[in-house]
Novice: 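Submitted below is the structure of interest, expressed as structure tokens.
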Amino acid sequence: MKNATLPPLRVDSALRAAAESVLQEGETLSGFVLEAVRLNIERRETQREFIARGLLARDEAKASGQYVSSGEMLKRLDESLAKARTNHIDRDQ
């Protein structure tokens with residue numbers, strides 16, 4: 001249910017033309033703008049949650065005195081990446 005509006009935007013003609021040039025068949029400029037707003041909200045919420053988890057992990061590490069060295073963390077990340085790549089290759093075959 002639509003019961004509110006976003007503020008109208010004034011943009012230069014080049015930006016409007018660029019937006020119109022990438023519209024998909026049947027898509028309206030209003031729909032495109034609405035999708036862009038939704039995607040940016042989602043991205044910012046995800047970013048905020050990521051930062052909050054990082055700050056919490058930092059505080060927990062400080063409180064416990066238990067840290068993981070950068071070398072160990074990079075090793076774990078490399079192992080995770082290698083496993084993901086192997087799983088991806090296995091799935092494609």
Novice: Considering residues, nucleotides and ligands other than Arg43, do more than 12 of their heavy atoms fall under 6.0 Å from its CZ?
Specialist: yes
Novice: Does atom CZ of Arg16 have more than 12 heavy-atom neighbours, drawn from other residues, nucleotides or ligands, at distances under 6.0 Å?
Specialist: no
Novice: Out of curiosity, Arg44 CZ to Asn40 CG, how far, rounded to the nearest 0.5 Å?
Specialist: 6.0 Å
Novice: Quick check on Gln24: does its CD atom have over 12 non-hydrogen neighbours (other residues, nucleotides or ligands) under 6.0 Å away?
Specialist: no
Novice: Leu23 and Leu29: which non-hydrogen atoms are nearest, and at how many Å?
Specialist: CD1-N, 3.9 Å
Novice: Does one hydrophobic cluster hold both Leu39 and Leu34, with members joined at side-chain heavy-atom distances below 4.5 Å?
Specialist: no
Novice: Atom CD in Glu42, atom OG1 in Thr46: separation rounded to 0.5 Å?
Specialist: 5.5 Å
Novice: What residues, two or more places apart in sequence or in another chain, satisfy salt bridge (Lys or Arg N to Asp or Glu O under 4.0 Å) together with Glu35?
Specialist: none
Novice: Around Glu72, counting heavy atoms of other residues, nucleotides and ligands shown, do more than 12 lie under 6.0 Å from its CD?
Specialist: yes
Novice: Can you name the closest pair of heavy atoms from Glu27 and Val22 and give their distance?
Specialist: OE1-O, 4.3 Å
Novice: How long is the gap from CZ on Arg58 to CG on Leu56, to the nearest 0.5 Å?
Specialist: 9.5 Å
Novice: State the CD-CG distance between Glu20 and Leu15, to the nearest 0.5 angstrom.
Specialist: 10.0 Å
